[in-house]
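Data first, discussion second: the structure below is written as structure tokens.
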Amino acid sequence: VGSGTDLPAGRLAVPEAELSVPGGLPDPLVCADGTPVRTPADWWERRRPELLAAFEEHVYGRTPNGAVEAGAQVLAEGPALDGRATRVETRLTFRRPAADVPDSEVPAADAADAVAVTVLTYLPAAASATSPAPVFLALNFRGNDVVENGSAKDSDPVQHPWPLAELVDRGYGVATACYQDIDPDVDDFGNGVHPLFYASGQTPGQTPGQTRPGEHEWGALGAWAWGLSRILDHLRADRRVDAGRVIVAGHSRLGKAAIWAAACDERFAMAVSNNSGCGGAALSRRRVGETVEAITSRFPHWFCPAFAGYAGREEALPVDQHQLLALVAPRPAYVASAEEDTWADPAGEFLGAKYASPVYELLGVEGLAATEPPSADRPVVPSRLGYHIRPGGHAMTDGDWARFADAADRHLGGFPED
Ligand code: GTR
């Protein structure tokens, strides 16, 4: 096994059969300067901030920390699912702070000054301030109505309704919004939330007239993750929501955004990645299925511009995706794969979880309780860093959701007794 003996400092040995790339993986527990991470304090004070900054710099881009003005307006609220749930629709609005808008601009005439995101929430009817519900927060692809009702228009799996009744009956709330509300999924940065943060020229040192993110600034995944955090702000203000048990989940590109959101925002209690593949849970260095070259040519706007520079030279990336999952530690994380979803590299997703494990263990909790991908007859690894694989292709099925809820029951304690 392994090319372990001649590895440069800071590289993890990975058995050749698993990863046919010489050079191993960057070790989550060795700092960039070669210093080993031996204690939780080393992790929290040095290594974790360094890794987070490296993902910003090289993969997703830096999320601006400037303020926006946020508003919330309830559009509808009432019983649903035969009275078992409360259904709430809220419009969140984000604006550039007035002080940041150039005097020459008339805000109402400039669409880029306000972004509206419609959040749909189903809460168990019994949820209350004394018995708040844990909530799954997941962005959707095709609109909140499709989450509720599906779509008759085509059979694309992203058109399937979500198992809201099953989740509510298990004690979970579900909150969702269409990802396109936050940032339209096109290579254009004049819409969505990015322009709210562009340099206005009002602050000394800013260059006015910015229209695209700079080399190391956030792309669309960064914006979707930012939006997840803003929806979390909103959910935490609702006393029926258990603020300490909001689980961020997502499928595919939205699974990438979910893990990045949990890495950036430690208020998320748990992260679920479904078929997230390249730029998600799958190791980039494997180059199996979707590669950095493939993803950055089709979706250049998802990442910071610098990420495309690693196309065909993944070994030069200072990070790999096991380290992204490690940024969720010690919170529970759950990675789900589908056997036929080869574009997302199921084995690479499993290995992403496996090589995040040492960080969980350093922090005193269980990592992934498997060293080999699970077999079809025992497809679930139920550990705190968990995993499953199911037959079939790229989709987030009712069965996947049931397993996410099993993992949350196990690791976040289910619905509280009152
Ligand atoms: C694919 C893309 C994947 C994945 C997927 C999706 O076209 O190559 O990275 O994100 O889209 O989001 O459905």
Side-chain angles (χ1 to χ4, degrees), residues 55 58-61 137-143 146-147 150-151 153-162 176-187 192 218-225 227-228 248-263 271-305 307-308 310-312 314 317 320-321 324-325 335-352 389-390 392-397 400-401 404:
F55 275 103
H58 304 281
V59 184
Y60 305 104
L137 166 57
L139 298 176
N140 68 72
F141 283 84
R142 297 282 191 270
V146 175
V147 166
S151 161
K153 280 194 231 124
D154 68 46
S155 60
D156 183 329
V158 298
Q159 308 277 18
H160 291 171
W162 294 358
T176 189
C178 180
Y179 80 130
Q180 305 260 16
D181 280 6
I182 300 164
D183 183 29
D185 192 357
V186 286
D187 188 11
W218 61 343
L221 286 166
W224 300 327
L228 284 163
V248 63
H251 170 60
S252 204
R253 71 198 68 182
L254 302 178
K256 309 180 211 295
I259 319 175
W260 179 231
V272 174
S273 140
N274 192 72
N275 304 179
S276 62
C278 182
L283 297 173
S284 301
R285 278 167 174 74
R286 278 170 57 81
R287 304 185 204 194
V288 172
E290 189 169 34
T291 59
V292 173
E293 178 166 17
I295 202 166
T296 56
S297 15
R298 285 176 69 209
F299 306 108
H301 58 289
W302 286 1
F303 302 91
C304 65
F307 187 54
Y310 296 99
E314 285 84 349
L317 262 170
D320 211 322
Q321 298 303 114
L324 181 67
L325 288 167
V335 174
S337 299
E339 277 167 12
E340 288 164 30
D341 185 20
T342 51
W343 189 238
D345 186 16
E349 294 176 322
F350 174 83
L351 293 172
I389 185 159
R390 60 156 173 80
H394 193 65
M396 188 156 68
T397 65
D400 292 322
W401 275 108
F404 306 158

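Remember, it's 1-based here, ligands and their atoms both numbered in the order they're listed. What you are looking at is a predicted structure, and each value in this text was computed from that prediction instead of being measured. Side chains included, hydrogens not; waters and symmetry mates left out as well; all remaining heavy atoms used.
Judged by the 6.0 Å and 45° rule, Arg253 forms a cation-pi pair with Phe299.
Contact residues for ligand 1 (protein heavy atom closer than 4.0 angstrom to any ligand atom): Phe141, Ser252, Arg253, Lys256, Glu290, Ile295, Arg298, Phe299, Trp302, Trp343, His394.
Glu314 is linked by a side-chain hydrogen bond (donor to acceptor under 3.5 Å, both in side chains) to Arg287, counting only residues two or more places apart in sequence or in another chain. Checked against salt bridge (Lys or Arg N to Asp or Glu O under 4.0 Å), Asp181 has no partners two or more places apart in sequence or in another chain. The side-chain hydrogen bond (donor to acceptor under 3.5 Å, both in side chains) test applied to Asn140 returns Asn144, Thr176, not counting sequence neighbours.
Ring-plane geometry between His394 and His251 is classed as tilted, the angle between the planes lying from 30 to 60 degrees on a 0 to 90 degree scale.
Residue Trp302 is tested with Asp183, Asp185, Thr296 for a side chain to side chain donor-acceptor pair (under 3.5 Å); the sole match is Asp185.
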